[in-house]
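To find a chain, count down the sequence lines: A is the first, B the second, and so on, and within it residues start at 1. Remember, it's a predicted structure, so these values are computed and weren't measured experimentally.
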2 protein chains.
Amino acid sequence: MSASETRRQIADVADRLFYEHGFEATSFADIARDVGLSRGNFYYHFKTKDEILDAVIARRVSNTRAMLDAWEQAASSPAERIRSFIHILIANRTKIMAHGCPVGTLCNELAKLDHAAKNDAILLFTLFRDWLARQFAALGREADADGLALHILMRSQGVATLFTAFRDEDFIRREVADMEAWLQAQCPAASLLHSRQSA
Amino acid sequence: MSASETRRQIADVADRLFYEHGFEATSFADIARDVGLSRGNFYYHFKTKDEILDAVIARRVSNTRAMLDAWEQAASSPAERIRSFIHILIANRTKIMAHGCPVGTLCNELAKLDHAAKNDAILLFTLFRDWLARQFAALGREADADGLALHILMRSQGVATLFTAFRDEDFIRREVADMEAWLQAQCPAASLLHSRQSA
DNA sequence: GTCTATATAATGATAGAC
DNA sequence: GTCTATCATTATATAGAC
């Protein structure tokens, strides 16, 4: 196997394990086992655990950018794009129930560890924040686009944390519906494109 | 020093360290050092790390109950009591900025570790949930009191997580004001006791 | 590029002197 | 009730054979 391919595979497995069990709780041996490598060979690809974390974050940044680009292409309106964001709570609910939000839980853990990569993880939040703000600006809310972006990001984080704790499907569906209603209320004109409640 | 007093002190220090750095990242040596005990003597008081976690959670449950009781006594109306809850985000903002919400971050970590004490930690959320639901019921929202309680709990979690990441004081103040506005909107009659916006 | 063997430090945990 | 000394295990990390 080529070095770059093995590196990619290690980052792939580490990404999953860091998400499922946390950064601290995941050991080199755990990653090596799941990749099918000896611990010794492992160090040929990554010198330190922090290097793997950097690779995992870089991978997540890249994947997140790709996802946001895909939403940008797939949806025909800013409101519909924001709904794509809201609906990852439903789409990923099984994983969220077990392990929480990948971004929020990583940022929280790295904050507690006061880890050097803390700010790199926060960049993941920033990607969503800026993308959402652009959508709100396109909806005519230039003045408070960033505040609205943070608000919806805040809600997604709160829903994820409580869903991990209480594992209540009704709760997540209710809160997602509430987020959609809130979105409609933010831009009544755009909402007409999708529901004719006031037509 | 008496055994019970030392035990109490260990739980006290462990509570702080688990909050500041996380459960996994805190070692016996860390706790022993901060208490001023040798590692050996440590095991006279607690046999395993999980036992300390149990003691820490029991301590937090007790402290939370005391805080909720104090709010119950201090405030003259259900709406004012709910505002007491909302305002811990402001009162504890320095700690939240550094280490997140003590309840949310512990539940997230124990969920990832699939730890035996996971459900005990969730009880901390349940204390807030049930207390808030009682306040909403007292406001005349018996039918959806639990949903409203989860909603405000969800918001506090989301605000805490994003505040830890972005460390933006304006954000937390804006969201707290928004939570208060939401509260007013839930029970217009009760709100008249505190603001005369519609008088 | 992968392996085995190993170094070193820290972890959770115990035994026994005082 | 506290200490020192120690154990077994695991962790990160390295050396060197193949």
Side-chain angles (χ1 to χ4, degrees), chain A residues 1-57 106 109-110 112-118 120-121, chain B residues 1-59 106 109-110 112-118 120-121:
Chain A
M1 182 126 49
S2 77
S4 71
E5 171 63 14
T6 304
R7 239 189 99 93
R8 204 197 52 72
Q9 224 179 307
I10 290 172
D12 194 57
V13 167
D15 189 350
R16 179 176 58 79
L17 291 177
F18 288 175
Y19 173 45
E20 290 179 356
H21 309 298
F23 172 69
E24 273 276 315
T26 302
S27 71
F28 274 38
D30 294 331
I31 304 170
R33 183 193 0 92
D34 278 24
V35 177
L37 276 179
S38 74
R39 253 172 307 162
N41 185 20
F42 198 95
Y43 286 86
Y44 175 80
H45 302 280
F46 290 96
K47 304 282 174 244
T48 68
K49 200 179 175 185
D50 289 354
E51 254 184 61
I52 306 176
L53 179 58
D54 290 342
V56 165
I57 293 175
L106 181 65
E109 184 177 2
L110 296 185
K112 278 189 201 285
L113 297 175
D114 201 17
H115 194 284
K118 185 172 65 170
D120 297 321
Chain B
M1 181 127 47
S2 76
S4 71
E5 170 63 14
T6 304
R7 241 190 96 93
R8 203 197 52 74
Q9 225 180 305
I10 290 172
D12 194 58
V13 167
D15 189 350
R16 179 176 59 79
L17 292 177
F18 288 176
Y19 173 46
E20 291 179 354
H21 309 297
F23 172 69
E24 273 275 315
T26 302
S27 70
F28 275 39
D30 295 331
I31 303 171
R33 184 195 358 95
D34 277 24
V35 176
L37 276 180
S38 74
R39 252 174 308 162
N41 185 23
F42 197 96
Y43 287 84
Y44 175 80
H45 302 281
F46 291 95
K47 305 283 175 243
T48 68
K49 200 179 177 186
D50 289 354
E51 254 184 62
I52 307 176
L53 179 58
D54 290 342
V56 165
I57 293 175
R59 193 189 129 86
L106 181 65
E109 184 177 2
L110 296 185
K112 277 189 201 286
L113 298 175
D114 200 17
H115 194 284
K118 185 171 65 170
D120 297 321

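Not a single ring-ring contact (aromatic ring centres under 6.0 Å, His included) links B:Tyr44 to another residue, sequence neighbours left out. Residues forming a salt bridge (Lys or Arg N to Asp or Glu O under 4.0 Å) with B:Arg39 (at least two apart in sequence, or on another chain): none. Taking B:Ser27 as the reference, B:Asp30 meet the side chain to side chain donor-acceptor pair (under 3.5 Å) condition, with sequence neighbours excluded. Evaluation of the side-chain contact (heavy atoms from CB on, under 4.5 Å) rule for A:Ser2 yields A:Ser4, A:Glu5 as partners, not counting sequence neighbours.
Residue pairs meeting the side-chain hydrogen bond (donor to acceptor under 3.5 Å, both in side chains) criterion with at least one partner in residues 47-58 of chain B, sequence neighbours excluded, are B:Asp50-B:His115.
For B:Tyr44 and D:dG1, the OH to C1' distance is 6 Å, given to the nearest whole Å. Here D:dG1 presents its P atom at 16 Å from CZ of B:Phe42, a figure rounded to the nearest Å. For the pair A:Leu37 CG and C:dT4 P, the interatomic distance rounds to 11 Å; values are reported in whole Å. Remark: P of D:dG1 and CD1 of B:Ile10 are 12 Å apart, rounded to the nearest angstrom.
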Output side-chain donor-acceptor pairs under 3.5 Å for residues 15-23 of chain A, partner residues at least two apart or in another chain, one line each.
| unit_1 | atom_1 | unit_2 | atom_2 | d |
| --- | --- | --- | --- | --- |
| A:Asp15 | OD1 | A:Arg60 | NE | 2.8 |
| A:Asp15 | OD1 | A:Arg60 | NH2 | 3.0 |
| A:Asp15 | OD2 | A:Arg59 | NE | 2.9 |
| A:Arg16 | NH1 | A:Glu20 | OE1 | 3.4 |
| A:Arg16 | NH2 | A:Asp34 | OD2 | 2.7 |
| A:Tyr19 | OH | A:Lys95 | O | 3.1 |
| A:Tyr19 | OH | A:Gly100 | O | 2.6 |

In B/S/- notation (B base, S sugar-phosphate only, - none; protein heavy atoms under 4.0 Å), nucleotides 4-18 of chain D written 5' to 3' is B------SBBB----

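Ring pair B:Phe46/B:Phe28: centre-to-centre distance not below 6.0 Å.
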For DNA chain C, the expected dot-bracket line (Watson-Crick or G-U under 3.5 Å, [ ] crossing, | inter-strand) is |||||||.||||||||||

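In terms of heavy-atom proximity, B:Ala14 sits nearest to B:Ile52 at CB-CG2, 3.5 Å.
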